[in-house]
Structures are given as C-alpha cells and as structure tokens.
Amino acid sequence: MAVTSPRSGRLPWGRIAGWAVLVVVMIVTLFPFYWMLRTSFSSTRSLAAGATDLLPVDFTLGAYRRVLGLSSTAEAVAEGGSSGTVSFWLFLRNSIVVATVTTAGQVFFSAMAAYAFARMRWPGRDAVFMLFLTALMVPPIFTTLPNFILIKDLGLLNTYLGIVLPHLLMTPFAVFFLRQFFLGVNASLEEAARIDGAGHVRIFFRIILPVNKAPIATLAILTYITSWNDYFWPLLVGKDESVRVLTVALGIFRSQTPQGSPDWAGLMAATLFAALPMIILFTMLGRRVIDSIGYTGVK
Amino acid sequence: MTSDTVHAAPRRTEAASRGAPPRRRGRRLGDLPIALAFVLPAALGFVLFYLWPTLRAFYLSLTQYNVLTPPRFIGLDNYERLLGDHLFWNALVVTAEYVVINIGVQTVMSVLLAVLMHRLTRSMFVRGVVLLPFLVANVVVALVWFWMLDYQLGIVNQGLEWLGVDRLAFFGESELAIPTIALVNTWRHVGYTALLIFAGLQMIPSSVYEAAAIDGAGEWRIFWRVTLPLLRPVMALVMVLTVIGSFQVFDTVAVTTGGGPINATRVIYYYIYDLAFTRFHFGYAAALSSVLFVLLAGVAYLQLRLSRAGESDLKGS
C-alpha cells in the first residue's frame with residue numbers, strides 16, 4: 001500500500017510512507033524483546049505499581065538469581081517468586097548437548113548419504129533416494145507416537161540418546177539439501193584426485209566436504225536452531241531434570257508459577273535466558289543465517 | 001535422475017545435474033559396497049524413525065493400545081469412533097480457524113514486507129530485525145506475549161485502558177483465544193516468510209521492472225501486473241510450507257491455554273497429544289494422526305494444483 005502512491009511530487013511520499021511502515025514493523029518486532037529485558041530486571045512485587053514504566057520497576061537482579069538457583073527461598077518469596085528452586089544453568093547445558101550432538105550427527109551422516117546419492121553409481125540409488133524423499137511428506141506427529149513407543153521400549157526415556165536419536169542419523173531434508181550441492185561439484189576435481197589414487201573416503205573428506213563448506217554451514221545453523229527450539233519431542237521423552245532442555249524447562253516453570261500472581265520477572269528472566277544463545281548466535285553469524293533463509297526458500 | 005532435481009538448489013547445480021561422474025570400471029554393481037557403507041547410518045535412521053513408524057502408526061490406528069498391554073486389533077473402530085467424537089470435530093474447526101487467520105494475515109503482511117524491502121532497501125540490518133522472532137523458540141514467543149497480553153498487568157491491556165477501551169482477556173475468552181494465538185504466531189513467522197518471498201523477488205530480472213517503468217506504470221500497477229504474477233511459483237511453495245506448518249500448531253497452545261478455555265484452543269495436534277500422553281489412547285490418537293496425514297497431503301496437493309506451481313511466467317517472456 002505504502003509504496004504504491006502512483007506519482008511522485010516534490011517529496012517521494014511513497015518512499016516515506018514505505019519507510020514509515022518498515023519502521024513500525026521493526027518497532028513491533030523489537031518491542032517484545034525489550035519488554036522481556038525490562039521485566040526481567042524488575043521486581044515482581046513492584047510490577048503492579050509500575051505496569052507502564054518503560055524502565056525496569058524497582059531494578060533488581062533477583063529474577064536472574066532465582067532462575068539460576070542463586071537466591072535463598074526467603075529472598076525469592078520476598079520478590080514474588082516461588083519457593084521451589086530451579087537452575088537454568090543445568091537446562092542450558094542440556095540444550096547445548098542436545099543441539100550440538102543432533103547437529104553434528106545429522107549433518108555428518110546426511111552428508112555421507114548425500115555423497116553416495118550424488119557422486120556414486122550403484123543399482124537402486126535413485127529408488128532409494130526417492131523413498132527418502134517421500135518421508136518429507138509425513139507430518140511429524142504421525143511418526144512421533146510410534147517413535148515414542150520405540151524409545152520407551154529401548155529404555156531410553158529421560159536420556160540424552162532418547163532425545164537426539166530420531167534426528168541424529170538423518171532428516172530427509174538434510175540429505176536432499178546436501179545432495180543438491182554435491183551434484184554441482186566439478187567432476188574434474190574428483191577425477192584428478194582419483195588419478196592420484198584417492199578413494200571415495202578420501203574424496204569425501206578432502207574434496208566434497210571442504211568445497212561445500214558454505215551449504216554445510218548453512219544446514220548446520222538451521223539444524224542447530226531447529227533443535228534448540230524444539231519443544232514437542234523433548235517434552236515427551238525428556239522431562240526429567242537431568243536431561244530437561246530449556247524449552248521444556250520454560251513450560252514447566254510457567255506451569256509451576258502461581259496462577260493468581262505469576263512470577264513475571266522470573267518468567268521473563270528465564271525466557272530471555274533461553275532465547276539469548278540464539279540471539280547471540282544470530283548477531284555473530286547474522287549474514288549467513290539470513291542468507292540461509294534464501295537458500296531454503298528456493299529448495 | 002532427471003525429474004527429482006527440478007527444484008534444484010541455487011547456482012552451482014546446472015554443471016552436473018546428470019548425476020554421478022562417469023566411472024571407468026563400468027561394472028553393473030558400480031560403487032555398491034562403498035556406497036552402502038556411506039548410506040548405512042542415514043538408511044538406519046530412515047528405516048527406524050521414518051519408515052517403520054509410518055507403517056506402525058497406520059497399524060496402531062487399527063488397534064486399541066494403551067502402551068502397557070500389547071495392541072489389540074479392532075479394525076476400523078477407531079475411525080468410526082472419530083466420526084461421532086465432537087472433540088475431534090471441534091479440533092478440526094478450531095484448527096481451521098487458526099490456519100485461516102494465521103495464514104491470511106501472515107501472507108498479506110509478508111508480501112507487503114517483502115515488497116517494501118525489495119523496493120526500498122538492501123539493508124542486512126532490516127532483514128536481520130524482521131527475522132529475529134523466528135530464531136527464538138515458539139515457547140519463548142508464547143511466554144513473552146502471554147505476559148504482554150496479561151489481563152491485569154500486561155502492557156497491551158494497560159494501553160487499551162489508557163485509550164479508554166475495555167481490557168481484553170486475550171487468552172481467557174473463548175472467542176479471542178484462537179485469534180490471539182494465531183496472531184502471536186504470525187508475529188513470529190512473518191519476517192521469515194517475508195524473507196522467503198524476498199528471495200523470490202530477487203529472482204525477477206530487473207529488466208522487467210525497467211520495462212514497466214518505461215511504459216509509465218506506477219508502483220501499484222507494477223505490483224499487481226508484474227510482481228505478483230511473476231511471484232506465483234514462489235508463493236505457491238511458500239504457501240504449501242506455511243499452511244502445512246500452520247496445521248501443526250502445538251507449542252503455543254501447550255504453554256499458554258493448554259487447550260482451554262473449554263476446548264476453545266484444543267487444536268488437532270494438542271488433541272492428539274492429550275489423547276496419547278495424558279489418556280494413553282494410543283490407537284485412537286494414531287487414527288487421528290492418520291486423518292491429519294491424509295488431510296495435509298490433500299491440502300498440499302490441492303494448493304499445488306490450484307497455483308500451478310511448476311510453471312513460471314518468466315519462461316514465456
């Protein structure tokens with residue numbers, strides 16, 4: 001609508017209106033993050049009195065101390081927290097373990113398969129690949145129920161392995177995505193290596209992986225984010241505190257906070273704590289993450 | 001080896017889309033032994049966590065199963081029961097309402113946003129900001145908005161009061177809960193969707209725009225006559241992805257309303273979860289997820305047919 005003004009007079013009104021819309025969108029996007037920050041440094045007891053204050057109400061680090069298990073019960077209750085103790089450090093560790101192992105395994109094993117599909121000749125190759133692809137059509141919930149039963153039967157409930165296993169060895173998307181890039185590797189590179197006596201293992205590690213650094217990094221970033229943010233599967237198989245990841249911990253923290261007067265500051269401190277690693281990752285890798293969205297779009 | 005490379009990833013694929021490089025020893029088995037070794041881990045993952053559970057889920061949908069005792073085959077009873085289950089129909093209606101609001105608002109806003117970015121700026125900062133909500137978890141987004149929309153202390157209701165409007169129980173009132181959840185998730189996804197569309201816009205050659213400008217077309221006309229038609233194949237794919245994703249709403253419901261008030265937000269995913277993991281009706285839950293499976297496949301097929309996704313208007317010109 002905004003950029004649509006048909007003719008430009010003296011001032012480029014269309015552009016100004018367009019920018020106005022963009023700025024509004026950016027404010028609406030960023031404000032909740034600011035509000036999370038502002039609330040997390042407030043005292044829950046005082047929030048009611050200063051509900052519209054733009055700065056933290058009664059500035060305190062108490063919410064973070066509560067969430068990270070550093071404050072005594074009396075201290076926590078005084079600021080409107082609950083008397084139970086939690087330590088989000090533990091959940092942070094669990095999230096890091098789960099996301100890292102999932103990403104490393106999935107990208108590596110999917111790359112191996114993608115290499116076999118893209119650069120080797122063997123009977124049945126295309127049929128097997130098509131079969132892999134059909135799995136893209138299956139909605140996750142459909143396989144989740146039997147997968148839960150399998151993990152339970154294997155005795156892997158409430159273990160790291162149980163949480164990571166379903167996505168550790170492949171996802172159809174990862175294989176498909178990497179194969180597209182491996183297909184494009186210049187065959188002469190491979191031929192040269194083969195003349196030098198290199199086998200497939202060597203070619204895979206020395207040529208295919210290095211040459212495809214960019215798409216592999218893209219896939220790894222996307223996988224890490226997806227894994228970090230996943231809630232449904234870890235909720236089913238990893239509720240136990242020893243393996244509980246941040247998203248599940250947030251849900252439980254929220255359900256434990258008293259209904260009448262929730263510990264908003266504590267909840268926002270926990271929420272920000274859970275979101276922060278992704279925000280840091282994003283500021284470090286900004287451009288690459290943004291480009292990766294374009295990559296997946298044209299898949 | 002030809003048809004499955006249609007939606008090839010960008011740039012470098014044309015060189016070798018014919019597949020594997022020719023090998024000298026052209027025996028029938030080719031690289032079979034080493035290929036099997038390379039495919040083995042992924043194949044194991046595929047069979048254990050995709051193929052086998054898919055077949056098993058269909059089978060379970062024909063059984064009565066509470067996880068503790070072995071499944072008992074009961075034929076199509078679960079499906080028959082579905083037809084008379086008002087919670088199932090309720091879940092369908094609620095989910096449909098969610099999808100319509102979510103996708104409707106999200107599509108319009110993301111096209112607008114993508115076009116604005118395309119015409120105004122190449123700034124990575126702007127793109128980064130709009131993408132930010134997508135990078136944090138659904139659970140995080142749900143909780144922030146749960147706080148901001150709180151009836152007593154939420155900043156939004158404070159604002160409404162300041163404007164002299166009555167406060168709203170966004171998550172607490174039956175008619176408001178689904179639109180609220182739909183819009184919260186729109187907030188998370190709109191930037192991501194806009195960037196997908198933006199990538200599509202960048203594939204439209206600038207000569208097209210120059211030609212339109214020479215013809216004296218204004219921005220409004222260019223948008224309707226040039227941009228939108230040329231964007232159709234990308235939009236079709238984006239729509240399929242977002243609609244299918246939208247049907248699977250769960251996280252936001254689980255941490256905010258828990259299906260309430262009185263089933264008003266008991267979406268299909270949540271209902272399946274509830275049946276399986278709090279009531280242990282695994283067979284019945286599997287039947288429900290089979291229906292969802294068929295439903296989603298149908299939706300995707302219809303969308304692709306309707307939008308003729310495979311064709312691009314660019315090829316003719």
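Per chain, numbering begins at 1; letters A, B, ... match sequence-line order. The figures that follow rest on heavy atoms only: side chains count, while hydrogens, waters and symmetry mates do not.
Annotation: maximal heavy-atom pairing with chain B below 4.5 Å, among A:K152, A:M36, A:M26, occurs at A:M26. The choice from A:A51, A:A275, A:P139 that makes the most heavy-atom pairs within less than 4.5 Å of chain B is A:P139. Interface check for chain A: of the options B:L292, B:L288, B:D150, the most heavy-atom pairs under 4.5 Å are formed by B:D150. With chain A as partner, the option from B:G128, B:A142, B:P53 having the largest number of non-hydrogen pairs under 4.5 angstrom is B:P53. Top candidate by heavy-atom pairs under 4.5 Å with chain A, chosen from B:L135, B:N138, B:I244, is B:L135. With chain B as the partner, the residue from A:I225, A:V248, A:L236 showing the most heavy-atom pairs under 4.5 Å is A:L236. Per-residue heavy-atom pair counts under 4.5 Å with chain B were compared for A:Y231, A:F109, A:F142, A:F148, and the maximum is reached by A:F142. Taking chain A as the reference chain and counting heavy-atom pairs below 4.5 Å, the highest number among B:I268, B:I197, B:V255, B:V190 is found for B:V255. Interface remark: of the candidates B:V126, B:V130, B:L44, B:L153, B:L153 forms the most heavy-atom pairs closer than 4.5 Å to chain A.
B:L113 has its side chain within reach of A:V25: a pair of non-hydrogen atoms, C-beta onward, lies under 4.5 Å apart. In this structure, B:F282 and B:L275 have side chains that are not in contact, with every pair of non-hydrogen atoms separated by 4.5 Å or more. The side-chain heavy atoms of B:Y192 and B:L196, taken from C-beta on, include a pair separated by under 4.5 Å.
Neither the backbone nor the side chain of A:F108 comes within contact range of chain B; no heavy atom of the residue lies under 4.5 Å from a heavy atom of that chain. Heavy atoms closer than 4.5 Å to chain A are found in the side chain of B:W145, but not in its backbone. Contacts between B:F125 and chain A at a heavy-atom distance below 4.5 Å involve the side chain alone, from C-beta outward. For chain A, the nearby part of B:L60 is the side chain; its heavy atoms alone come within less than 4.5 Å. Contacts between A:L235 and chain B at a heavy-atom distance below 4.5 Å involve the side chain alone, from C-beta outward. Using a 4.5 Å cut-off between heavy atoms, A:L150 touches chain B through backbone and side chain atoms alike. Residue A:P277: no heavy atom, backbone or side chain, is found under 4.5 Å from chain B. Only the side chain of A:D153 comes within less than 4.5 Å of a heavy atom in chain B; its backbone stays farther off. For a residue to count as touching a neighbouring chain, one of its non-hydrogen atoms must lie under 4.5 Å from one of that chain's; by this rule B:T256 touches chain A with the backbone only. Neither the backbone nor the side chain of A:L246 has a heavy atom closer than 4.5 Å to any heavy atom of chain B. Interface residue B:I272: only side-chain heavy atoms are found under 4.5 Å from chain A. Looking at B:Y50, both its backbone and its side chain come within 4.5 Å of chain A, counting heavy atoms on both sides. Proximity to chain A is limited to the side chain of B:A276, based on heavy atoms less than 4.5 angstrom apart. Neither the backbone nor the side chain of B:A300 has a heavy atom closer than 4.5 Å to any heavy atom of chain A. Residue B:L143 touches chain A through both its backbone and its side chain, counting heavy-atom pairs closer than 4.5 Å. Interface remark: A:T144 contributes no atoms to any contact with chain B (heavy atom separation under 4.5 Å). Contacts between A:S255 and chain B at a heavy-atom distance below 4.5 Å are absent for every atom of the residue. For chain A, the nearby part of B:F277 is the side chain; its heavy atoms alone come within less than 4.5 Å. Both the backbone and the side chain of B:W147 come within contact range of chain A, judged by heavy atoms closer than 4.5 Å. Heavy atoms of B:Y65 lying under 4.5 Å from chain A belong exclusively to its side chain. With a 4.5 angstrom heavy-atom cutoff, A:L250 touches chain B via backbone and side-chain atoms both. For chain B, the nearby part of A:L30 is the side chain; its heavy atoms alone come within less than 4.5 Å.
Within the cation-pi definition used here (under 6.0 Å to the ring centroid, within 45° of the axis), B:R188 qualifies as a partner of B:F134. Under a cutoff of 6.0 Å and an axis angle of 45°, A:R179 and A:F129 form a cation-pi pair.
Less than 6.0 angstrom separates the ring centroid of A:F181 from the ring centroid of A:F177. Aromatic ring centres of A:F117 and B:F38 lie farther apart than the 6.0 Å criterion allows. Ring centers of B:Y273 and B:F250: under 6.0 Å apart, within the cut-off.
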Trace of the side chain to side chain contact (heavy atoms under 4.5 Å, CB included) decision for B:H281 with B:N66:
CA-CA 5 Å; B:H281 295 171; B:N66 64 4; over 6 Å; no
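Counting non-hydrogen atoms of other residues, nucleotides and ligands closer than 6.0 Å to CZ of A:F31 gives a total above 12.
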